[in-house]
Student: 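Just passing along the structure, written as structure tokens.
When a residue number appears, it is its place in the shown sequence, counting from 1. Heavy atoms only: backbone and side chains are in, while hydrogens, waters and symmetry mates are out.
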Amino acid sequence: MTTMTKINPSFEHIECQLNQGIGELILDRAEKHNAFDEVMIAEMITAIEAFAADDACQMLMLKANGKNFSAGADLNWMRKQAQMDFEQNLSDANQLAKLMHVLDKFPKPTIALVNGAAFGGALGLICCCDIAIANSRASFCLSEVKLGLIPAVISPYVVRAMGNRQARRYMLTAERFDAQTALSHQVIHEINDDLEAAAKPFIDAFKANSPQGMAWVKTLVAKLEDGVIDQNTLNYTSEQIAKIRVSDEGQEGLNAFFEKRMPNWQLSGSKPQGAE
């Protein structure tokens, strides 16, 4: 396993490594149940942006050391927030919003491996990932209203995953829910106590697929989030398939299929290209 040279090796609260094309971002504050603070948030943004720019990184895996994925906001960080004025709080919130955004828009597949508790902002991170797998003892909670707060920054991603009606329930009650409930509400895709083994079929699938195709799928799905199907939607989807058919990678994929051979990305691990 090799350490990613483009990422600062002296991170305080996370670990990053690159293993056979898999970028691993590991929350590493086990003694604090991997609670967020401004340092961890800044480090995660730096790491995600570096993995996105690294040609050798084919996908990103988000996981955590210790018994719990993340307890949400760090208590000392929350004490600081209580002393901040509006402008300071806005700047602070913008950093968390940036973290969610860069993870959600990561141009390669992302997998979250959730062990134990995942509260508050941690639930946002999970909902930003393409695939989420949790162990059977995982538990989830949107507890902000208990503190007189709201899960504002993570809400777009949580509501997208759970749906508006279920999000209302869990944001209003702040009740804790288990892995089976998270599965039924589409917060996670699978429950498995061997998280690494459960991730392997997804990793194998991603490595077999067109990097450009997967990047464009993520852009396509994001474009269709509002659910509107009108002439603009029809024009956009038609343009996208036409563009990718004539692209170098699209041509390679079609030719490889008809010539009954492996496409070149399976041989060389080519760089994903963002959709226009």
Student: For residues N19 and Q17, determine if any side-chain heavy atom of one lies less than 4.5 Å from a side-chain heavy atom of the other.
Tutor: no

Student: In the single-linkage hydrophobic clustering (I, L, V, M, F, W, Y; side-chain heavy atoms under 4.5 Å), do F69 and L183 co-cluster?
Tutor: yes

Student: Enter the distance from S70:OG to F36:CZ here, rounded to the nearest 0.5 Å.
Tutor: 4.5 Å

Student: Just by distance, with hydrogens left out, do S136 and D193 show a side-chain donor and acceptor under 3.5 Å apart?
Tutor: yes

Student: Any salt bridge between R261 and E252, counting N to O under 4.0 Å?
Tutor: yes

Student: Would L96 and V159 show up in the same hydrophobic cluster when neighbours are defined by side-chain heavy atoms closer than 4.5 Å?
Tutor: yes

Student: Passes side-chain contact (heavy atoms from CB on, under 4.5 Å), I244 versus Q212? Steps please.
Tutor: CA-CA 9 Å; I244 205 163; Q212 176 184 264; 3.3 Å; yes

Student: Please check if I45 and I154 belong to a single hydrophobic cluster, counting links between Ile, Leu, Val, Met, Phe, Trp and Tyr side chain heavy atoms closer than 4.5 Å.
Tutor: yes

Student: Quiz question: by atom type and distance under 3.5 Å, do the side chains of S238 and N235 form a donor-acceptor pair?
Tutor: no

Student: Grab the two heavy atoms, one from D194 and one from A197, that are nearest each other, plus how far apart they are.
Tutor: OD1-N, 3.1 Å

Student: CD/Q58 to NZ/K207 distance, rounded to the nearest 0.5 angstrom?
Tutor: 5.5 Å

Student: Can you name the one residue among L103, L62, I48 that meets side chain to side chain contact (heavy atoms under 4.5 Å, CB included) with T110?
Tutor: L103

Student: In sequence, state the C-alpha distance, the side-chain angles, and the governing distance for H185 and Y170, and then conclude on ring-ring contact (aromatic ring centres under 6.0 Å, His included).
Tutor: CA-CA 11 Å; H185 295 332; Y170 291 101; 5.5 Å; yes

Student: If we ignore angles and hydrogens, is there a donor and acceptor under 3.5 Å between the side chains of T233 and D230?
Tutor: yes

Student: Looking just at side-chain N and O atoms, do Q81 and N89 make a donor-acceptor pair shorter than 3.5 Å?
Tutor: no

Student: If you count heavy atoms of other groups shown closer than 6.0 angstrom to NE2 of H101, is the number above 12?
Tutor: no

Student: Shortest non-hydrogen contact from P107 to A215?
Tutor: O-CB, 3.4 Å

Student: Would you sort out whether E175 and C141 count as a side-chain contact (heavy atoms from CB on, under 4.5 Å), showing the intermediate values?
Tutor: CA-CA 6 Å; E175 64 190 289; C141 187; over 6 Å; no

Student: Can you name the nearest heavy-atom pair linking C128 to M100, along with the distance?
Tutor: SG-O, 3.5 Å

Student: Nearest 0.5 Å, please: how far is CD1 in I26 from CD1 in I14?
Tutor: 9.5 Å

Student: H33: which residues meet the side-chain hydrogen bond (donor to acceptor under 3.5 Å, both in side chains) condition with it, sequence neighbours left out?
Tutor: N68

Student: So with a 6.0 Å cut-off around NZ of K218, is the heavy-atom count from everything else above 12?
Tutor: yes

Student: Considering only heavy atoms from C-beta outward, does the side chain of L25 approach that of M44 to under 4.5 Å?
Tutor: yes

Student: May I ask you to decide whether E38 forms a salt bridge with K80, counting only side-chain N to carboxylate O separations under 4.0 Å?
Tutor: yes

Student: Without swapping roles, check the side chain of T181 against the backbone of F177 for a donor-acceptor pair under 3.5 Å.
Tutor: no

Student: Considering only heavy atoms from C-beta outward, does the side chain of V187 approach that of I126 to under 4.5 Å?
Tutor: yes

Student: Taking all non-hydrogen atoms of both residues, which atom of Y157 and which atom of G124 are closest, and how far apart?
Tutor: CB-O, 4.3 Å

Student: Could you tell me whether the side chain of V145 reaches within less than 4.5 Å of the side chain of L172, counting heavy atoms only?
Tutor: no

Student: Would you call E15 and K63 a salt bridge, taking side-chain N to carboxylate O under 4.0 Å as the test?
Tutor: no

Student: Going from CD1 on I241 to NZ on K243, what distance comes out if it is rounded to the nearest 0.5 angstrom?
Tutor: 12.5 Å

Student: So D92 and Q88, do their side chains get closer than 4.5 Å, heavy atoms only?
Tutor: no

Student: Looking at the rings of F119 and F140, which for Trp means the six-membered one, are their centres under 6.0 Å apart?
Tutor: no

Student: Do F11 and C16 touch side chain to side chain, with heavy atoms closer than 4.5 Å?
Tutor: yes

Student: Could you give the distance from OG (S155) to CG (L142), rounded to the nearest 0.5 Å?
Tutor: 10.0 Å

Student: Cluster question for you: counting only ILVMFWY and a side-chain heavy-atom cut-off of under 4.5 Å, with indirect links fine, are V102 and I41 together?
Tutor: yes

Student: Supply the members, apart from I131, of the Ile/Leu/Val/Met/Phe/Trp/Tyr cluster built from side-chain contacts under 4.5 Å; use none for a lone residue.
Tutor: I22, M59, M61, I111, L113, I133, L195, F202, I203, F206, M214

Student: Does I229, at its CD1 atom, have more than 12 non-hydrogen atoms belonging to other residues, nucleotides or ligands within less than 6.0 Å?
Tutor: no

Student: Taking C-beta and beyond as the side chain, do N115 and K67 meet within less than 4.5 Å on heavy atoms?
Tutor: no

Student: Which heavy atom of G23 sits nearest a heavy atom of F51, and at what distance?
Tutor: CA-CE2, 3.5 Å

Student: What are the two closest heavy atoms between Q166 and M162, and how far apart are they?
Tutor: CB-O, 3.7 Å

Student: Are M40 and W77 connected in a single hydrophobic cluster, I mean Ile/Leu/Val/Met/Phe/Trp/Tyr linked by side-chain heavy atoms less than 4.5 Å apart?
Tutor: yes

Student: So, R79 and D74, do they make that salt bridge, N to O below 4.0 Å?
Tutor: no

Student: Should K98 and E49 be marked as a side-chain contact (heavy atoms from CB on, under 4.5 Å) after you check the CA-CA gap, both sets of side-chain angles, and the distance that decides it?
Tutor: CA-CA 11 Å; K98 181 177 180 180; E49 291 180 335; 3.5 Å; yes

Student: For S91 and N94, what are the C-alpha separation, side-chain angles and deciding distance, and is it a side-chain hydrogen bond (donor to acceptor under 3.5 Å, both in side chains)?
Tutor: CA-CA 5 Å; S91 176; N94 281 337; 5.9 Å; no

Student: Would you say Q186 has more than 12 foreign heavy atoms packed within less than 6.0 Å of its CD?
Tutor: no

Student: Any side-chain donor-acceptor pair under 3.5 Å between D28 and N65?
Tutor: yes

Student: One thing to verify: whether D37 and R29 come together as a salt bridge, which I'm taking to mean a side-chain N less than 4.0 angstrom from a carboxylate O.
Tutor: yes

Student: Rounded to the nearest 0.5 Å, what separates atom CG in D204 from atom CG in N209?
Tutor: 10.5 Å

